[in-house]
Amino acid sequence: MGAMANPVILTVDDDPVVSRAVARDLRRRYGERYRVVRAGSGPEALDALREIKLRGERVALLLADHRMPGMTGIEFLEAAMDLFPAARRVLLTAYADTDAAIEAINVVDLDHYLLKPWHPPEEKLYPVVDGLLEAWAETPDAALTEIRVVGHRWSAPSFKVRDFLARNLVPYRWLLTDDPEGARLLAAAGATEADVPLVVTAEGKTLVAPTTAELAGVVGLTVEPATDFYDVVVVGGGPAGLGSAVYAASEGLRTVLVERRATGGQAGQSSRIENYLGFPDGLSGAQLTDRARRQALKFGAELLSTREVVGLREAGGARLLSFDDGVEIAAHTVVLATGVSYRVLGAPGVADFTGRGVFYGAVSTEAPSCVDQEVYIVGGANSAGQAAVYFARYAARVHLLVRGPDLTASMSRYLIDQIERSDRITVHAHTQVVGAAGGDHLEQLTLCNGRTGERRTVDTSWLFVFIGAEPRTDWLDGVLVRDGRGFIVTGPDLVVDGKRPSGWSLSRDPYHLETSLPGVFAAGDVRSQSVKRVASAVGEGAMAVSLVHRYLEAQ
Ligand SMILES: Cc1cc2nc3c(=O)[nH]c(=O)nc-3n(C[C@H](O)[C@H](O)[C@H](O)COP(=O)(O)OP(=O)(O)OC[C@H]3O[C@@H](n4cnc5c(N)ncnc54)[C@H](O)[C@@H]3O)c2cc1C
């Protein structure tokens, strides 16, 4: 990787003849300054865009055919807007589809529609594209606003920085220390290979092995609250927290959402959510998160990143929350939406390779490195299934390790079908990881068949773990009633044999999502007995806000 890559012009058409012809015409005129990328369907084009995003490259123009099976050009352009909002959008239509094209001007903010055939290009195609590229070149997106990260492929701190930037949807360019530009940047910063990761901002500021809070500051994420008193503090930025923030702020409540890592929570890691209402073609967790973030900010909610809440207490009518650095904020009400975190795989050796071959969750930053590799995934639920389907696009083979006899016990049928249809995924039943070994990164796994006891060793550098999750609510010990597994108990479940929870000071029973501390609500996966789904988390987030109103009115 040397100088910055040329910006991309992406064209998508299901008809290979048309697709080749468009790409040829575009390359002829723009090939020197732009990289022309061709895709045969909307989903394929979206995958290409995601990779381009991960590499920190820019997209100047999207040119999509309208009539494509599965995903229309308008649907593709709408989804693509989430990834590259500044890219110019052109729809290629037949005369009969001009109504759809005109409608798309509103739906996807279309810049232009071109009628087929576009020949001769000198008259019909180039004048349009010239104008659009000129307009794009003047946007900030076109400028060199990228962040560069220099690191080692197998350095866990380097991975942490890349993962943080990717989850927060901050574009960056990844350079290895032995890449000439990486070495040059290291030397310029007076750093050595031992100091990585090195982060260089668009303004040229350098940070050596920054903390996530330092990184958040330089990439423009908000880390400090604007005030010290709110109507509602939402803790956790997954679907439940974002749902709460959108509803609370849109209804005029002074709202702050506090997130310790990156907004999106578990859903943000999902490569494809197919069962969320209103998105028949599915959408990625990153898309859902980005839209929800923008929606919350539009209504005036504050979103704080990299702040972990470590304490909750009552102070008169107010609820006080403390952050890990001792800062406190107060509010009339609190919505706890802290979800669950992955359980850690305890087999000997595995912990040594976290971030260096062993990853928790589907880590999209690593997907391009898995090309033609043997990838192992542990887990039998939907999250593991989605990851298997996702990594199968890159890997030579994906091995899905499950403890039970098959996938039917805990995976949705639509995912099992996709896995069965893939010739790159092998399901290993009754199989567990019992050991890991390697040098500076994972190189081998020992697997054990739970039925026969047979052990074998396999060579691999990639293990993705999805073995269930648990709430991390220790900081609420002694403050709120939790169930035996740490989930927060709410509403009617707090009233046992007609008795309200000890310390409950009001003459009414707790509201449906209210915890044992009045005015503090719990929503989403962290709540005892909740349904672990995106839709229910968003729904509970919204419902908690209606209960916040009820609580405030009675004060
Ligand atoms: C890979 C994967 C794929 C999935 N696919 C689907 C799917 O297709 N369909 C579906 O319906 N469901 C799916 N799920 C489940 C769905 O994502 C969860 O049910 C949903 O995200 C729960 O939302 P939540 O807001 O309650 O919690 P989470 O999404 O877990 O979010 C909680 C947030 O709180 C933050 N947090 C925790 N503690 C603190 C603290 N003390 N201070 C500050 N912040 C804190 C965390 O960092 C996190 O961002 C999937 C889950 C995974 C992991």
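Legend: residues meeting ring-ring contact (aromatic ring centres under 6.0 Å, His included) with Y394, ordered by chain and number and at least two apart, are Y390. Applying the ring-ring contact (aromatic ring centres under 6.0 Å, His included) rule to W154 yields the partners H441, W462; only residues at least two apart in sequence or on another chain are considered. Qualifying side-chain contact (heavy atoms from CB on, under 4.5 Å) partners for R421, counting only residues two or more places apart in sequence or in other chains: D417, Q418. Residues forming a side-chain contact (heavy atoms from CB on, under 4.5 Å) with T212 (at least two apart in sequence, or on another chain): F164, T306. A search for salt bridge (Lys or Arg N to Asp or Glu O under 4.0 Å) contacts involving R260 returns E308, not counting sequence neighbours. Remark: Y30 pairs with Y126 by the ring-ring contact (aromatic ring centres under 6.0 Å, His included) rule, at least two apart or across chains. Not counting sequence neighbours, the partners of A249 by the side-chain contact (heavy atoms from CB on, under 4.5 Å) test are T255, F299, A301. Not counting sequence neighbours, the partners of R148 by the salt bridge (Lys or Arg N to Asp or Glu O under 4.0 Å) test are E181. Taking the salt bridge (Lys or Arg N to Asp or Glu O under 4.0 Å) definition, one finds that D163 meets it with R167, R261, sequence neighbours left out. The side-chain contact (heavy atoms from CB on, under 4.5 Å) test applied to A183 returns no partner, not counting sequence neighbours.
Within the model, atoms OG1 of T354 and OH of Y360 stand 5.0 Å from one another, a figure rounded to the nearest 0.5 Å. Atom OG of S155 is separated from atom CZ of R162 by 9.5 Å, given to the nearest 0.5 angstrom. Distance check: R67 CZ to K116 NZ gives 9.0 Å after rounding to the nearest 0.5 Å. Atom CG of L91 and atom CG of L62 lie 11.0 Å apart (nearest 0.5 Å). In this structure, K532 NZ and D525 CG are separated by 5.0 Å, a value rounded to the nearest 0.5 Å. Rounded to the nearest 0.5 Å, atoms CD (E51) and CZ (R393) are 9.5 Å apart.
Panel note: side chain R397, backbone D423; a donor-acceptor pair is recorded below 3.5 Å. For S250 (side chain) and Y247 (main-chain N/O), a donor-acceptor pair under 3.5 Å exists by modelled atom type. Judged purely by atom type and a 3.5 angstrom limit, E259 uses its side chain to pair as donor or acceptor with the backbone of G237. A donor-acceptor distance shorter than 3.5 angstrom exists from the side chain of S461 to the backbone of L442, with no hydrogens or angles considered. Formation of a donor-acceptor pair under 3.5 Å by the S244 side chain with backbone atoms of G541 is found in this model. With E251 contributing its side chain and A248 its backbone, the two residues share no donor-acceptor pair below 3.5 Å. In this structure, R424 contributes its side chain and A395 its backbone to a donor-acceptor pair below 3.5 Å. Of the possible donor and acceptor atoms, none in the side chain of T426 sits under 3.5 Å from a partner among the backbone N and O of H399. Listed for the T177 side chain is no donor-acceptor partner under 3.5 Å among the backbone atoms of E193. Not one N or O on the side chain of T72 forms a donor-acceptor pair closer than 3.5 Å with the backbone of H66.
Using a 4.5 Å heavy-atom cutoff, the side chains of I9 and L63 are not in contact. Within the 4.5 Å cutoff, no side-chain heavy atoms of E443 are placed close to those of D459. For the pair I416 and E420, the minimum side-chain heavy-atom distance is below 4.5 Å. Taking 4.5 Å as the limit, some side-chain heavy atom of L207 sits within range of a side-chain heavy atom of T201. Residues Y34 and L61 form no side-chain contact, since every pair of their non-hydrogen atoms from C-beta on lies 4.5 Å or further apart. A heavy-atom distance below 4.5 Å is found between the side chains of L400 and L407. Two residues are said to be in side-chain contact when any heavy atoms from C-beta on lie closer than 4.5 Å; L92 and L115 fail this criterion. Between S270 and I273 there is a side-chain heavy-atom pair separated by less than 4.5 Å.
Within the 6.0 Å centre-distance limit, the rings of F464 and F391 are counted as a close aromatic pair.
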- request: Might you work through the side chain to side chain contact (heavy atoms under 4.5 Å, CB included) test for L49 and L10, ending with a clear yes or no?
  value: CA-CA 8 Å; L49 288 181; L10 183 135; 3.8 Å; yes

query: Yes or no on side chain to side chain contact (heavy atoms under 4.5 Å, CB included) for H119 and L125, after CA distance, side-chain angles and deciding distance?
result: CA-CA 7 Å; H119 280 103; L125 181 70; over 6 Å; no

Salt bridge (charged side-chain N to carboxylate O under 4.0 Å, His left out) assessment of R50 paired with D47: CA-CA 5 Å; R50 271 181 221 113; D47 282 343; 2.8 Å; yes

- request: Go through the steps for R173 and E57 under the test salt bridge (charged side-chain N to carboxylate O under 4.0 Å, His left out), then give the verdict.
  value: CA-CA 8 Å; R173 197 142 61 94; E57 292 178 24; over 6 Å; no

task: Just do the side chain to side chain contact (heavy atoms under 4.5 Å, CB included) check on L176 and R153 with the steps written out, would you?
output: CA-CA 7 Å; L176 294 172; R153 179 161 174 203; 4.1 Å; yes

message: Test side chain to side chain contact (heavy atoms under 4.5 Å, CB included) on L77 and L110; report intermediate values, then the result.
response: CA-CA 8 Å; L77 290 173; L110 194 70; 3.7 Å; yes

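With a 6.0 Å radius and a threshold of 12 heavy atoms from other residues, nucleotides or ligands, E122 has its CD atom above the threshold.
Residues V196 and S158 approach most closely at CG2-OG, 4.0 Å, considering heavy atoms. For A337 against A240, the heavy-atom pair with the smallest separation is CB-CB, 3.9 Å. In terms of heavy-atom proximity, P197 sits nearest to V161 at CG-CG2, 3.7 Å. Listed here is the closest heavy atom pair of V340 and A469: CG2-CB, 3.4 Å. Considering all non-hydrogen atoms of both residues, G268 and T289 come closest at CA-OG1, 3.7 Å. Considering all non-hydrogen atoms of both residues, V223 and A216 come closest at CG1-CB, 3.7 Å.
Sorted by first then second residue, the salt bridge (Lys or Arg N to Asp or Glu O under 4.0 Å) pairs that include residues 205-226, not counting sequence neighbours, are E224-R307. Contacts classified as salt bridge (Lys or Arg N to Asp or Glu O under 4.0 Å) and involving residues 8-27 (residues at least two apart or in different chains) are given here: D25-R28.
With respect to R356 and D440, no salt bridge is recorded, no charged nitrogen being found less than 4.0 Å from a carboxylate O.
With L185 as reference, V150 is the one residue of V150, T206, V199 to meet the side chain to side chain contact (heavy atoms under 4.5 Å, CB included) rule.
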